[in-house]
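Worksheet: the structure to be examined is printed underneath.
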Amino acid sequence: MAIVKSTAVAFLAAQAASAATLRAHRQLSFLDIAGYQPNSQVTDHAAIDLDQAALESQLALRTEESFDAAKQIYLEGGNSKSYAEIVLGTPLSGSIGKGAKIHGKNDEGKTITGKALDDYTSGTTQISVQYDTTDEQDVYVQCQVGALPKAKAGLENTVGCFSASGNLKIDGTEYPYSYNPLVDNNNARTISGFSTGAMKKMYSDCPGCPYVDYEYYYNYYGAFDYANQWVLSALDGSKTNFNNGNADFSKFSLVGRQEAAKKGTAYMNIFMYVIREWEDALDDCKENCINCNDDPVHAWDEGVAFYTGSMEGTDGSGDGKLLHGLADKRCTDFATCGTNADAKTGTAKVNYDLFDHFALGQHQLLVGNCAAARTTKEKIVDIMYIPLVQGTIRYAYKVAKLQGAEKEKAEGAVFAAAVLPRIAAANPNAAEKIYTSMKVGASSTDFHAVKSAFESTYRNLGITCKQVGGLWNDATGSYYEGASPCKDASTKANKGTTGIIVGSVFAGVAVIAVGFVLFMRRREIKGQPVFQTKQVDEGADMN
């Protein structure tokens with residue numbers, strides 16, 4: 001027992017020491033993302049939800065013209081990784097590298113800064129300049145164009161764009177240029193790109209490829225860009241051509257196609273790319289190295305930014321369009337809000353758990369505990385599936401029991417499409433039962449078959465009946481008939497007194513360690529860091 005105790009004390013001492021070292025080199029100037037404190041600038045990444053919002057605003061008009069505008073925003077973007085395609089009046093006098101600083105002016109004569117989007121050789125006359133972004137989410141960039149002008153709704157912002165003509169200063173040399181601000185300001189990050197680039201980034205060209213969750217989806221649909229194909233088919237009113245899970249959107253009017261498209265972009269395209277960012281962080285993580293994991297931490301921060309978006313605000317009280325917002329909506333339907341997953345309103349228990357894991361995973365990466373960070377990532381991904389399960393169950397009930405019409409049928413179909421590959425990996429028969437009831441054009445929907453099929457996979461998915469909850473009826477103050485939470489199987493094991501003691505001690509240590517990380521996070525948020533960084537006088541000897 002003394003050995004166990006001394007080991008636990010040593011573990012906590014090591015955690016405190018690593019935290020002190022970590023605190024000494026961290027930058028604490030980045031604004032929170034719904035309570036999560038990023039260690040890098042990801043404001044431009046979080047802004048992908050502005051594309052989602054713009055796309056949704058066009059779909060809501062329900063005209064063929066507005067659907068076309070939504071499609072262009074989906075394909076071309078407008079708010080993330082903005083850059084200008086510039087034609088120089090005189091060729092570059094020398095080569096410039098990717099990231100080289102470039103300065104110009106806007107229409108008001110104010111200086112606009114950017115960087116070369118790629119490498120360019122001497123003699124080049126056309127270059128792409130990515131606009132600089134700031135740490136302030138509200139003004140992260142002031143050139144937002146892309147496909148937004150095609151909506152003809154004033155969605156674009158050109159205040160921070162280069163003026164149509166003038167001079168750019170590159171490596172100390174002035175170059176005359178010209179371009180069309182409403183045509184040649186584009187975006188290198190788009191919602192469609194999250195799916196069209198998936199094969200290389202998640203299946204073939206990454207150190208950890210193929211990523212486990214992405215492979216579930218590729219194996220099921222048989223298409224590397226399955227999410228992109230789903231969204232385009234919904235926008236166009238056409239058929240998909242998958243190995244499994246096909247949808248014929250010609251059976252829907254604009255009402256159904258709207259739901260299938262807007263939920264597909266958020267819960268299929270973005271969902272998988274969020275996971276990809278954390279996998280990328282783990283690919284690059286260097287074990288037991290505190291000062292060499294900034295890139296993995298940046299990728300981890302990007303994943304949180306894509307999960308949350310910019311519209312949730314610094315404390316998560318905003319009305320977001322992405323996965324954070326989905327979790328909060330579903331918790332009100334399933335009475336799983338609050339820290340105990342028993343409230344009807346507020347922040348989802350899913351989000352409370354995820355953001356604790358986000359903070360823990362970031363810390364593990366920063367101190368080079370790569371193996372632990374991978375375990376944390378796996379727990380995160382398990383939890384992320386819960387709102388998709390809830391969404392499918394909810395609309396199965398609406399269609400089967402509450403006379404749900406095309407809108408509800410489309411919502412059920414897209415929620416099912418977003419989670420079916422994971423269910424199929426756990427239980428192919430369960431996936432088939434769900435698909436039969438929830439697919440586009442289903443002849444009937446069997447709610448109880450859908451619910452029981454999902455429940456048969458919970459253990460494999462790493463989730464519980466309590467986490468999913470039951471479909472709540474506000475009018476009656478009780479669960480809908482037949483939609484109560486299932487019962488989690490009790491676990492009984494007698495592993496001996498010693499095992500219980502050892503397990504309890506280390507469980508307690510782990511809880512304390514996690515709590516210590518979260519305590520540090522909250523203290524830093526309040527401007528009261530646990531470990532103060534010693535300031536070095538400017539005149540001090542640095543040798």
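Throughout, numbering of the chain's residues begins at 1 and tracks the sequence. Note that the coordinates shown come from a computational prediction; the quantities given were computed from them, not determined experimentally.
Lys451 contributes a side-chain N or O that, together with a main-chain N or O of Ser484, makes up a donor-acceptor pair within less than 3.5 Å. In terms of modelled atom types and a separation under 3.5 Å, the side chain of Asp315 and the main chain of Ser317 share a donor-acceptor contact.
Taking the six-membered ring for Trp and the full ring otherwise, the centers of Tyr203 and Tyr218 sit less than 6.0 Å from each other. Proximity of the aromatic rings of Tyr216 and Tyr221 is defined here by a centroid distance below 6.0 angstrom, and this criterion is not met. Centroid-to-centroid, the aromatic rings of Phe358 and Trp278 come within less than 6.0 Å. For an aromatic pair to be called close, the ring centres must be under 6.0 Å apart, and Tyr220 with Tyr226 fails this.
Taking the side chain as every heavy atom from C-beta outward, Ile275 and Ile380 never approach each other to under 4.5 Å. For the pair Thr265 and Ile270, the minimum side-chain heavy-atom distance is 4.5 Å or more. The shortest distance between side-chain heavy atoms of Thr190 and Tyr74 does not fall below 4.5 Å. Side chains of His45 and Phe306 form a contact here, defined as non-hydrogen atoms less than 4.5 Å apart. At a threshold of 4.5 Å between non-hydrogen side-chain atoms, the residues Gln144 and Leu50 count as touching. Residues Leu282 and Leu365 have side chains in contact (heavy-atom distance under 4.5 Å, counting atoms from C-beta outward). In this structure, Ser192 and Val231 have side chains that are not in contact, with every pair of non-hydrogen atoms separated by 4.5 Å or more. Two residues are said to be in side-chain contact when any heavy atoms from C-beta on lie closer than 4.5 Å; Val350 and Cys331 fail this criterion.
In terms of heavy atoms, Asp51 sits closest to Gly77 at OD2-CA, 3.4 Å. Residue Thr134 comes nearest to Thr43 through the heavy atom pair O-OG1, 2.7 Å, listed as atom of the first residue, atom of the second, then distance.
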Is there a side-chain contact (heavy atoms from CB on, under 4.5 Å) between Lys401 and Tyr480 once you walk through the steps?
CA-CA 10 Å; Lys401 304 292 186 178; Tyr480 281 102; over 6 Å; no

Quick one: do Ile48 and Leu322 satisfy side-chain contact (heavy atoms from CB on, under 4.5 Å)? Show the steps, please.
CA-CA 9 Å; Ile48 197 67; Leu322 305 182; 4.1 Å; yes

Evaluate the criterion side-chain hydrogen bond (donor to acceptor under 3.5 Å, both in side chains) for residue pair Gln467 and Thr336; output intermediate values, then yes/no.
CA-CA 7 Å; Gln467 286 177 302; Thr336 53; over 6 Å; no

side-chain hydrogen bond (donor to acceptor under 3.5 Å, both in side chains) assessment of Asp283 paired with Tyr211:
CA-CA 10 Å; Asp283 280 349; Tyr211 296 146; 2.5 Å; yes

Trace of the side-chain hydrogen bond (donor to acceptor under 3.5 Å, both in side chains) decision for Asn187 with Ser82:
CA-CA 4 Å; Asn187 297 86; Ser82 299; 3.1 Å; yes

Under the side-chain hydrogen bond (donor to acceptor under 3.5 Å, both in side chains) criterion, do Tyr435 and Asn244 qualify, and how do the steps go?
CA-CA 9 Å; Tyr435 175 68; Asn244 298 285; over 6 Å; no

Does the side-chain contact (heavy atoms from CB on, under 4.5 Å) test come out yes or no for Ser40 and Asp294, once each step is laid out?
CA-CA 8 Å; Ser40 58; Asp294 286 345; over 6 Å; no

Stepwise side-chain contact (heavy atoms from CB on, under 4.5 Å) test for Leu323 and Met384
CA-CA 8 Å; Leu323 300 162; Met384 281 177 61; 4.1 Å; yes

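Between atom CZ of residue Arg459 and atom SG of residue Cys465 there is a gap of 10.0 Å, rounded to the nearest 0.5 Å. Residue Asn269 holds its CG atom at 7.0 Å from CD1 of Ile191, rounded to the nearest 0.5 Å. Atom-to-atom distance recorded for Lys433:NZ and His448:NE2 is 14.0 Å, nearest 0.5 angstrom. Between the NE2 atom of His357 and the CD atom of Gln362 there is a distance of 15.0 Å, given to the nearest 0.5 Å.
One side chain, Asn351 or Asp328, offers a donor N or O that lies under 3.5 Å from an acceptor on the other. Donor-acceptor pairing under 3.5 Å is lacking for the side chains of Gln41 and Tyr140. Using modelled atom types and a 3.5 Å distance limit, the side chains of Asn369 and Arg374 yield no donor-acceptor pair. Side chains of Tyr458 and Asp488: no donor on one and acceptor on the other come within 3.5 Å. Under the 3.5 Å distance criterion, with hydrogens and angles disregarded, a donor-acceptor pair is assigned to the side chains of Asp49 and Ser310.
Checked for salt-bridge contact, Lys201 and Asp280 miss the test: no charged N lies under 4.0 Å from a carboxylate O. Taking the charged nitrogens against the carboxylate oxygens, Arg330 and Asp333 do have a contact shorter than 4.0 Å, which makes a salt bridge.
In Lys115, the NZ atom is not crowded: 12 or fewer heavy atoms of neighbouring residues, nucleotides or ligands sit closer than 6.0 Å.
Of the listed residues (Ile434, Asn427, Val389), just one forms a side chain to side chain contact (heavy atoms under 4.5 Å, CB included) with Thr457, and that residue is Asn427.
Ring geometry for Tyr385 against Tyr217 counts as parallel: the plane angle stays under 30°, on a 0 to 90° scale with 60° as the upper cut.
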